[in-house]
Amino acid sequence: MDKTVKEQLLELAEENYQRFASSLLPTIDNVLGVRLPLLRKMAKTIAKGDWRTYLKQAENDYFEEIMLQGMVIGCVPCDLEEKLLYVSDFVPKIDNWSVCDSFCVGLTFTKSNQERVWDFLQPYLQSNKEYELRFGVVMLLNFYVDPVYIQRVFEKLDMIKHEGYYVKMAVAWALSVCYVKDAHATLAYLQQCSLDDFTYNKTLQKITESHRVDADTKKRIRAMKRK
């Protein structure tokens with residue numbers, strides 16, 4: 001089955017798209033150049049068949065093979081604990097921001113299992129590995145920026161002290177999402193946070209890049225920049 005998947009991916013690869021996608025993913029060099037909507041379509045087809053065998057035998061030679069596995073895990077019909085086992089098996093394969101972020105978006109079962117998944121995420125939010133940490137942070141920004149969890153999200157983000165670029169950027173992104181959802185609470189957090197200067201200033205930048213923030217507010221946010 002997996003050989004067929006690899007063959008399909010090789011057939012769907014586009015040379016021009018490969019160059020474009022590779023330019024966005026400087027940390028890896030195994031991109032075939034298959035567009036994400038085509039991967040999502042494949043994932044849905046696999047999820048309707050013998051997906052357990054597929055996940056057991058899936059290869060990790062190409063970026064798209066790994067991306068596809070993550071998408072399949074998001075689609076498959078199984079109970080929560082089995083799903084979390086597949087998630088924990090998959091996270092160590094994440095080696096770039098794109099696989100991380102697409103994988104997280106697909107884990108929509110989190111919405112109806114917030115408490116259990118919150119507990120599951122805690123080791124990742126304390127990890128010293130760049131992409132494990134990014135996974136945890138991107139899960140927070142996708143599924144936990146709400147009135148029940150937002151203060152806990154601030155606490156978790158404030159405890160992260162990792163030098164990885166893709167961690168810092170995820171934290172800044174998460175806080176910009178928090179700002180859009182609850183500007184008052186996020187400003188209160190930013191005024192007393194212990195973020196490093198890079199992450200703090202990136203947070204302000206991402207807030208000002210949002211189309212949902214008006215011009216006067218952007219001016220005030222820019223004035224908060226650390227020198």
Shortest non-hydrogen contact from V138 to A170?
CG2-CB, 4.3 Å

One should read off an interatomic distance between T186 OG1 and H184 NE2, to the nearest 0.5 angstrom, of 10.0 Å

Partners meeting side chain to side chain contact (heavy atoms under 4.5 Å, CB included) with E209 (sequence neighbours left out)
Q205, K206

Under 3.5 Å, side chain of E64 to main-chain N/O of G33, donor-acceptor pair present?
yes

Looking at every heavy atom in both V177 and L141, which two are closest together, and how far apart are they?
CG1-O, 3.9 Å

Run the numbers on W173 and D101 for side chain to side chain contact (heavy atoms under 4.5 Å, CB included), then give the verdict.
CA-CA 12 Å; W173 176 22; D101 300 359; 3.5 Å; yes

Checking the side chain of K83 only, and the main-chain atoms of I73 only, is there a donor and an acceptor separated by less than 3.5 Å?
yes

Residues, nucleotides or ligands: over 12 heavy atoms within 6.0 Å of Q192 CD
yes

For a quick check under 3.5 Å, do S22 and Q18 share a side-chain donor-acceptor pair by atom type?
yes

Over all atoms of both residues, closest heavy-atom pair of N128 and H162
O-NE2, 3.0 Å

Do F20 and L38 land in one hydrophobic cluster if side-chain heavy atoms of ILVMFWY residues count as linked below 4.5 Å?
yes

Check: N60/Q69 side-chain N/O donor and acceptor closer than 3.5 Å:
yes

Apply side chain to side chain contact (heavy atoms under 4.5 Å, CB included) to E81 and list each qualifying residue two or more places apart in sequence or on a separate chain.
D79, L84, R116

Ignoring hydrogens and angles, tell me if any N or O in the side chain of S102 forms a donor-acceptor pair with the backbone of V99 under 3.5 Å.
no

According to a hydrophobic-cluster definition based on side-chain heavy atoms being under 4.5 Å apart (Ile, Leu, Val, Met, Phe, Trp, Tyr only), do V72 and L85 belong together?
no

Between C193 and Y200, what is the shortest heavy-atom contact and its length?
SG-CD1, 3.9 Å

Between atom CH2 of W97 and atom CG of L24, what is the distance when rounded to the nearest 0.5 Å?
6.0 Å

Looking at side-chain heavy atoms only, is the closest gap between V76 and Y54 below 4.5 Å?
no

Residue pairs involving residues 147-171 (criterion salt bridge (Lys or Arg N to Asp or Glu O under 4.0 Å); sequence neighbours excluded)
E163-K168, K168-D196

Does a side-chain heavy-atom distance below 4.5 Å link V87 with V117?
no

Any side-chain to backbone donor/acceptor pair from Q122 onto W118? Under 3.5 Å, distance only.
yes

Kindly determine whether D146 and Q114 satisfy side chain to side chain contact (heavy atoms under 4.5 Å, CB included), including the steps that lead there.
CA-CA 11 Å; D146 63 32; Q114 270 186 305; 2.9 Å; yes

Can you tell me how far apart CG (L157) and OG1 (T203) are? Round to the nearest 0.5 Å.
8.5 Å

Trace of the side chain to side chain contact (heavy atoms under 4.5 Å, CB included) decision for L125 with L140:
CA-CA 10 Å; L125 291 165; L140 294 189; 3.9 Å; yes

Separation of S127 OG from L121 CG (nearest 0.5 Å):
12.0 Å

How about V105 and N142: do any of their side-chain heavy atoms sit closer than 4.5 Å?
yes

If you round to the nearest 0.5 Å, how far is CG of L9 from CG of L32?
6.5 Å

Looking at every non-hydrogen atom in both residues, tell me the closest pair between W51 and I46 and how far apart they are.
CB-O, 3.6 Å

Sorted by chain and residue number, the ring pair (Phe, Tyr, Trp, His ring centres under 6.0 Å) partners of F90 (sequence neighbours excluded) come out as F103

What is the distance from atom OG1 of T199 to atom CG of L204, rounded to the nearest 0.5 Å?
11.0 Å

Y131 and M169: same hydrophobic cluster, using ILVMFWY side-chain contacts below 4.5 Å?
yes

Is there a chain of hydrophobic side chains (I, L, V, M, F, W, Y, each step under 4.5 Å between heavy atoms) that links F120 to V137?
yes

Taking side chain to side chain contact (heavy atoms under 4.5 Å, CB included) as the definition, give me every residue that meets it alongside V180, ordered by chain and number, with sequence neighbours left out.
S210, R212

Is there a path of hydrophobic side-chain contacts, each under 4.5 Å between heavy atoms, that joins F135 and Y149?
yes

Testing the basics here: between Y166 and E130, what is the closest heavy-atom pair and its distance to 0.1 Å?
N-OE2, 2.9 Å

For residues 215-227, pull every pair meeting salt bridge (Lys or Arg N to Asp or Glu O under 4.0 Å), keeping only residues two or more places apart or in separate chains.
D197-R226

If we only count heavy atoms from C-beta on, is the Y189 to I150 side-chain gap below 4.5 Å?
no

From CA spacing to verdict: side chain to side chain contact (heavy atoms under 4.5 Å, CB included), Q151, F154:
CA-CA 5 Å; Q151 291 300 333; F154 293 144; 3.6 Å; yes

